[in-house]
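Following: one structure in structure tokens, then a few remarks.
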Amino acid sequence: MTLPPPSPASPATTARILHASLAASAAVLTAVAWLFRGSLPLPDGAGGAVTFAAYALAASGLLAGLAFRRLIPDRTASQPADAWWRQHLPKAVAVWAIGEGTVLVGALVLVVGGQAVAAIAVVLAGFGVLVATAPGRLVS
């Protein structure tokens with residue numbers, strides 16, 4: 001007796017799983033970076049440049065994520081959620097990747113220089129993009 005193939009998950013479920021896994025992986029890597037903070041020392045005189053780059057990246061990551069969020073239209077009341085996700089999931093994943101990438105660069109700043117304030121600013125900017133573009137906020 002052969003079993004029928006499993007039915008694919010709805011696009012809305014796929015979006016929630018993708019977003020949750022990206023946010024969870026970013027959180028885990030940030031926690032690992034916190035454990036290893038400052039383990040890779042910077043050359044003398046490079047701390048200021050890394051701090052400046054971290055703040056610039058925090059601002060640009062946040063602005064890029066929220067700017068790309070504007071490319072995703074709101075769902076109309078008459079449009080089913082699955083149809084909306086089927087059409088706009090690639091755009092949402094791109095915005096989530098910007099958020100996660102920003103978090104990961106913040107974790108790298110934490111490991112390389114141990115500059116906690118600058119790294120936390122970058123990490124918070126990335127998580128800000130992930131929170132602002134959560135699946136529940138996109139379809140409501």
Side-chain angles (χ1 to χ4, degrees):
M1 177 171 131
T2 60
L3 296 174
S7 61
S10 73
T13 302
T14 302
R16 285 191 297 275
I17 291 170
L18 280 172
H19 183 268
S21 60
L22 287 171
S25 69
V28 167
L29 288 173
T30 301
V32 170
W34 183 260
L35 291 175
F36 292 103
R37 67 185 176 273
S39 61
L40 299 173
L42 289 172
D44 291 336
V50 171
T51 302
F52 175 77
Y55 287 129
L57 184 71
S60 63
L62 185 63
L63 291 174
L66 297 180
F68 282 119
R69 162 50 183 113
R70 300 180 120 216
L71 297 176
I72 304 171
D74 293 333
R75 182 174 71 98
T76 61
S78 63
Q79 188 177 21
D82 282 346
W84 187 90
W85 276 114
R86 208 170 281 114
Q87 185 177 5
H88 300 292
L89 183 60
K91 295 175 192 173
V93 170
V95 173
W96 298 336
I98 291 170
E100 186 191 27
T102 304
V103 170
L104 296 181
V105 171
L108 181 67
V109 168
L110 188 60
V111 170
V112 169
Q115 300 169 350
V117 175
I120 289 171
V122 178
V123 167
L124 288 177
F127 277 120
V129 171
L130 288 172
V131 168
T133 60
R137 292 180 183 228
L138 291 177
V139 294
S140 60

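- Between the CD atom of Gln79 and the CG atom of Asp74 there is a distance of 10.5 Å, given to the nearest 0.5 Å.
- Between Ala121 and Tyr55, the shortest heavy-atom contact is CB-CE2, 3.8 Å.
- Atom CD1 of Ile98 is separated from atom CG of Leu63 by 11.0 Å, given to the nearest 0.5 angstrom.
- For Phe127, the CZ atom is densely surrounded, since the number of other residues' heavy atoms within 6.0 Å is greater than 12.
- Residues forming a side-chain hydrogen bond (donor to acceptor under 3.5 Å, both in side chains) with Thr13 (at least two apart in sequence, or on another chain): Ser10, Arg16.
- Note that the CZ atom of Phe68 and the OG1 atom of Thr133 stand 12.5 Å from one another [nearest 0.5 Å].
- Partners of Trp84 under the ring-ring contact (aromatic ring centres under 6.0 Å, His included) rule, at least two apart in sequence or in another chain, are His88.
- Closest non-hydrogen pair, Val122 versus Thr102, comes out as CG1-O, 3.1 Å.
- The minimum heavy-atom distance linking Val129 with Gly65 is given by the pair CG1-CA, 3.9 Å.
- Contact record, Leu22 with Glu100: CD2-OE1, 2.9 Å, taken as the closest heavy-atom pair.
- Residues that satisfy the side-chain hydrogen bond (donor to acceptor under 3.5 Å, both in side chains) test with Thr51, not counting sequence neighbours, are Gln115.
- Ser60 has its side chain within reach of Leu57: a pair of non-hydrogen atoms, C-beta onward, lies under 4.5 Å apart.
- The pair Arg75-Asp82 does not meet the salt-bridge criterion, since no charged nitrogen lies less than 4.0 angstrom from a carboxylate oxygen.
- Of all heavy-atom pairs between Thr30 and Ala107, the closest is CA-CB, 4.3 Å.
- There is a path of hydrophobic side-chain contacts, each under 4.5 Å, that joins Leu130 to Trp85.
- Leu71 and Leu138 fall within the same hydrophobic cluster, defined by Ile, Leu, Val, Met, Phe, Trp and Tyr side-chain heavy atoms under 4.5 Å apart, directly or through other members.
- Of the inter-residue distances, the one linking Ile72 atom CD1 with Arg70 atom CZ reads 12.5 Å to the nearest 0.5 angstrom.
- Counting only distance, with no hydrogens or angles, the side chain of Trp96 and the backbone of Leu18 share no donor-acceptor pair below 3.5 Å.
- Pairing each heavy atom of Ala119 with each of Gly106, the nearest pair is CB-O, 3.3 Å.
- Of the possible polar contacts, one joining the Arg37 side chain to the Trp34 backbone as a donor-acceptor pair under 3.5 Å is found.
- Exactly one residue among Leu108, Val103, Leu104 makes a side-chain contact (heavy atoms from CB on, under 4.5 Å) with Leu29. That residue is Leu104.
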